[in-house]
Amino acid sequence: MNENAAPAAGDAPVTDLGPNFIYDIIEDDLAHGFGRAIHTRFPPEPNGYLHIGSAKAIWINYSAAKKYSGLFNLRYDDTNPVREEDEYVRSIEEDLRWLGAVPDGGIFYGSDYFQQCYDFAEQLIREGKAYVCDLNQDEMRAFRGTLTQPGKDSPWRQRTPEESMDLFRRMKAGEFADGTRTLRARIDMASPNMNMRDPVLFRILHAHHHRQGDAWCVYPMYDFAHPIQDAIEGITHSLCSIEFENHRPLYDWVVDNIGFEAKPHQYEFARLNITHTVMSKRYLRELVETGRVDGWDDPRMPTLCALRRRGYTPSSIVSFVRRAGVSKAYSNVDIRLLEYCIREELNAGALRRMAVLDPIRVVITNYPEEKEETFPIANNPLDESAGTREVAFSAELYIEREDFAEVPPPKWQRLRPEGEVRLAGAYIIRCDEMVKDTAGNIVELRCTADLETRNEKPADGRKVKGTIHWVSAAHAVDAAACLYDNLFTLENVAEAPEDTNYMDYLNPESLLLRPGCKLEAVLADAQPGERFQFMRMGYFCKDTKNENTWNRIVQLKDSFKLE
RNA sequence: UGGGGUGUCGGCAAGUGGUAAGCCACAUGACUUUGACUCAUGCAUUCGUAGGUUCGAAUCCUGCCACCCCAACCA
């Protein structure tokens with residue numbers, strides 16, 4: 001396949017993300033006798049649905065494994081019982097597989113390693129590298145110091161290993177209340193890196209875990225559990241986003257002090273931001289919980305399930321991630337790049353159909369009222385093998401309201417009073433008369449057709465530049481279409497004061513439901529999720545939840561520029 | 001005022017001492033029974049900034065500036 005050709009909708013995404021510093025690191029390791037098969041992982045916390053930003057993290061890890069013949073794990077990072085739910089676990093695997101990232105190294109749960117985490121903690125206590133601290137949360141904060149001032153040692157820092165061991169076991173046994181004690185690493189309270197100021201390893205949490213039930217009342221912190229999970233699974237390259245850069249020294253401390261032979265290493269990349277798009281899980285959850293959207297798969301959401309419902313393909317999303325690139329620099333990728341990626345793919349394969357989203361009636365006055373005929377129209381002019389379909393024509397039609405201008409702007413090519421235009425695949429018509437209602441709205445156009453021009457050039461050689469789409473009134477099916485500006489957008493955020501509630505800046509019109517659309521009859525048989533190009537209107541897909549509704553995947557580029 | 005990062009075209013992003021790739025966006029023209037698609041052309045004398053080293057610097061050195069992350073018993 002031509003490397004530059006757009007994949008057909010439904011093709012498996014290309015694995016390789018192209019040259020980037022992550023691949024460079026791995027190649028450098030391999031060149032120096034790495035001695036182990038590359039092994040990566042995607043470790044989401046099951047506290048929300050995957051979004052397009054997750055797709056970047058997934059694909060960086062997945063593609064790194066595939067490119068170097070390694071394995072890729074899915075691991076639920078479920079070390080905090082109060083935030084995690086099974087609903088999210090199910091959705092994560094579904095979305096991961098839909099994207100095309102096969103977890104061929106296995107699917108794991110961080111919570112399955114609780115016992116090992118506990119055992120390693122006892123080991124650290126025994127070796128004097130960890131201690132039980134009785135400071136409460138406020139006291140601990142006070143002892144931690146600030147960004148510019150070193151912290152002070154906890155009064156419990158010199159506790160003997162024996163005493164800490166006894167206390168830690170009693171913590172596990174449930175003798176103490178939440179927040180009364182923690183297990184801390186003995187590192188350096190004066191470290192300029194806050195993460196190294198005796199970080200908490202285990203905390204007491206009498207909470208029900210979505211998988212472990214009530215088996216535990218002490219839970220490991222991310223910074224302790226994550227390197228252990230990676231090491232146990234044999235992860236070689238732990239690729240995460242850049243906000244964890246400050247945690248790497250602690251990650252290494254855990255790996256080194258527990259004494260893992262095969263050490264995993266953490267590398268960081270910049271997370272994905274897209275212009276005008278809310279990407280924070282916190283806000284996405286808020287949108288769902290406050291009912292501002294219909295759910296995590298509301299087509300305006302940037303979640304993978306919403307993108308899927310809207311008609312985006314896995315390959316278009318991966319293509320987007322690839323084109324956006326992988327680096328460590330803060331970035332804000334133009335959402336038009338995403339739109340380009342899906343448009344590129346759909347243009348190559350989507351079947352063309354005529355649809356009128358905002359109809360205006362057209363009566364062909366010189367066409368017999370009872371007559372019907374059909375015209376064969378190409379399903380995809382770029383692909384002859386897509387064949388043709390017969391489209392019914394009659395004296396009463398609908399055209400798009402936007403395709404007529406009573407007072408046309410300069411360079412107008414479509415219908416105007418006294419003007420001619422081609423009905424795609426059929427006759428050239430001329431507008432003779434506008435019929436208006438009492439309010440002055442145009443309700444009907446009365447036109448004459450040049451009956452010699454049935455799908456051919458006029459014999460007299462005159463040029464008719466505009467071509468518009470149409471639908472026969474008697475043969476059309478009714479539907480509703482959802483039109484989107486783009487993903488759930490933030491408007492005027494630049495002007496927002498600090499501590500903004502971004503919910504106030506969400507664009508309320510990023511979804512517009514337009515009922516009363518007239519579609520070509522063949523579309524009645526379309527399956528939910530099938531993608532078509534509505535000629536001149538954009539790419540649409542039949543909604544998977546609302547049978548009679550069509551979601552606009554993306555507009556055609558520049559097609560409405562003159563308006 | 002500490003530490004860790006990052007700064008190359010409007011947005012991404014290559015480049016690792018030899019004289020600024022590519023993509024998106026944008027503009028112009030051609031083609032067109034989708035003003036789509038496609039095609040052609042244009043779009044950084046300059047790499048946050050000021051010095052320095054060098055025959056030669058986006059790439060090396062020094063100072064400065066801007067932005068991001070870190071003070072959860074979140075991940």
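Below, read A as the first sequence line, B as the second, and so on, with proteins coming before strands; counting in each chain starts at 1.
The interatomic distance linking A/Arg352 (CZ) with B/A36 (C1') rounds to 8 Å, in whole Å. Nucleotide B/C73 holds its P atom 13 Å from the CD atom of A/Glu139, rounded to whole Å. Residue A/Leu337 contributes atom CG, which lies 14 Å from atom C1' of B/G10 at whole-angstrom precision. Rounded to whole Å, the distance from CD on A/Glu27 to P on B/U16 is 16 Å. Atom CZ of A/Phe269 is separated from atom P of B/A13 by 13 Å (rounded to the nearest Å). When the P atom of B/G35 is taken as reference, atom CZ of A/Phe534 falls 17 Å away, rounded to whole Å. A straight line from CD of A/Gln555 to C1' of B/U34 spans 14 Å, rounded to a whole angstrom. The separation between A/Met221 atom CE and B/C73 atom P is 6 Å, rounded to whole Å.
Distances from the side chain of A/Asn246 to the nucleotides B/G4, B/A71, B/G35 place B/G4 closest. Ranking B/A75, B/C24, B/G2 by closeness to the A/Thr79 side chain, first place goes to B/A75. Between B/C12, B/G35, B/C73, one nucleotide has an atom nearer to the side chain of A/Met140 than all others, and that is B/C73. Of the listed nucleotides (B/A75, B/G3, B/C37), B/A75 has the atom at the smallest distance from the side chain of A/Asp77. The listed nucleotides are B/U34, B/U6, B/G10; the one nearest the side chain of A/Asp334 is B/G10. The side chain of A/Tyr340 sits closest to B/C24 out of B/A75, B/C24, B/U34. With distances taken from any side-chain atom of A/Lys328 to the nucleotides B/A25, B/G5, B/U34, the minimum falls on B/G5. Nearest nucleotide to the side chain of A/Leu382, out of B/U1, B/C12, B/C37: B/C37. For A/Arg141, the listed nucleotide lying nearest its side chain is B/A71; candidates were B/U34, B/C26, B/A71. Here the nucleotide nearest the side chain of A/Phe244, chosen from B/G2, B/C37, B/A75, is B/A75.
When both distances must be under 3.5 Å, the Watson-Crick or G-U wobble mate of B/U19 does not exist. Base-pair partner of B/C73: not found among the strands shown (Watson-Crick or G-U wobble, both distances under 3.5 Å). In this structure B/A57 sits in no base pair that meets the Watson-Crick or G-U test at under 3.5 Å. When both distances must be under 3.5 Å, the Watson-Crick or G-U wobble mate of B/A40 is B/U28. As the counterpart of B/U6, B/A66 is assigned, both hydrogen-bonding distances of the Watson-Crick or G-U wobble pattern falling under 3.5 Å.
Comparing B/A25 with B/G48, their P atoms are spaced 26 Å from each other, to the whole Å. Taking the P atoms as reference points, B/G7 lies 22 Å from B/U19, given to the whole Å. Comparing the P positions of B/U59 and B/U6 gives a spacing of 16 Å, expressed to the nearest Å. Spacing between B/G3 and B/C9 at atom P, rounded to whole Å, works out to 29 Å. Separating the C1' atom of B/G15 from that of B/G22 is a span of 12 Å, rounded to the nearest Å. Distance noted for atom P between B/G18 and B/C24: 29 Å (whole Å). With C1' as the reference atom, B/G56 and B/G10 are 32 Å apart, rounded to whole Å.
As judged by a 4.0 angstrom heavy-atom cut-off over every strand, A/Asp223 is placed among residues making no nucleic acid contact. When heavy atoms are screened at a 4.0 angstrom cut-off, A/Glu456 is found touching base atoms of the nucleic acid. Using a 4.0 Å heavy-atom criterion, one finds that A/Val326 contacts the sugar-phosphate atoms exclusively. Within the nucleic acid shown, A/Gln533 comes within 4.0 Å of at least one base atom, counting heavy atoms only. The residue A/Glu45 sits close only to the backbone: its heavy atoms come under 4.0 Å of sugar-phosphate atoms, none of a base. Using a 4.0 Å heavy-atom criterion, one finds that A/Ala424 contacts the bases of the nucleic acid, with or without backbone contacts as well. When heavy atoms are screened at a 4.0 angstrom cut-off, A/Ser327 is found touching the sugar-phosphate backbone but no base atom. Using a 4.0 Å heavy-atom cutoff across all strands shown, A/Thr467 reaches sugar-phosphate atoms only and no base atom. Across all strands shown, A/Pro249 has no heavy atoms under 4.0 Å from either base or sugar-phosphate atoms.
Between the side chain of A/Asn61 and the backbone N or O of A/Phe42, no donor-acceptor pair lies under 3.5 Å.
Below 30°, between 30° and 60°, or above 60°: for A/His247 and A/Phe244 the angle between ring planes is above 60°, a perpendicular geometry. Relative orientation of the A/Phe534 and A/Phe540 rings is parallel, given thresholds of 30° and 60° on the angle between their planes. In this structure, A/Tyr219 and A/His209 have parallel ring planes: the angle between them is below the 30° cut-off, well short of the 60° mark.
One distance of note links OG of A/Ser238 with NE2 of A/His226; it measures 4.0 Å at 0.5 Å rounding. Interatomic distance, CG of A/Leu201 versus CG of A/Asp223, reported as 9.0 Å (0.5 Å rounding).
A close approach under 4.0 Å does not occur between any side-chain nitrogen or oxygen of A/Lys557 and OP1 or OP2 of B/U38. In this model, the phosphate group of B/G11 is not approached by any side-chain N or O of A/Arg336 to a distance below 4.0 Å at OP1 or OP2. Put simply, A/Arg271 has no side-chain N or O that comes within less than 4.0 Å of OP1 or OP2 on B/U6. Under 4.0 angstrom from either OP1 or OP2 of B/A72 there lies at least one side-chain N or O belonging to A/Arg144.
Tested against A/Asn47 for a side chain to side chain donor-acceptor pair (under 3.5 Å), the candidates A/Glu85, A/Glu84, A/Lys281 yield a single pass: A/Lys281. Residue A/Tyr539 forms a side-chain contact (heavy atoms from CB on, under 4.5 Å) with just one option from A/Arg552, A/Arg343, A/Glu345, A/Arg531, and that option is A/Arg343.
Side-chain contact annotation: A/Gln229 with A/Tyr222, donor-acceptor N/O pair under 3.5 Å absent.
A 4.5 Å side-chain heavy-atom check between A/Arg422 and A/Pro458 finds at least one atom pair inside the cut-off.
In this structure, A/His247 and A/Thr146 both approach RNA chain B, and ranking their closest nucleotides by distance from the 5' end singles out A/Thr146. Ranked by how close their nearest RNA chain B nucleotide is to the 5' end, A/Asp24 and A/Ala426 are led by A/Asp24.
Take A/Pro249 and apply the side chain to side chain contact (heavy atoms under 4.5 Å, CB included) test, not counting sequence neighbours, and it matches A/Asn193, A/Met196.
Scanning atom types as modelled, one donor and one acceptor separated by under 3.5 angstrom connect the side chain of A/Gln413 and the base of B/G35.
Contact check of residues 193-202 of chain A against RNA chain B (heavy atom, cut-off under 4.0 Å) returns A/Met194, A/Val200.
With its glycosidic angle within 90° of 0, B/A72 is assigned syn.
For the pair A/Arg353 and A/Phe532, the cation-pi criterion (under 6.0 Å, within 45° of the ring axis) is not fulfilled.
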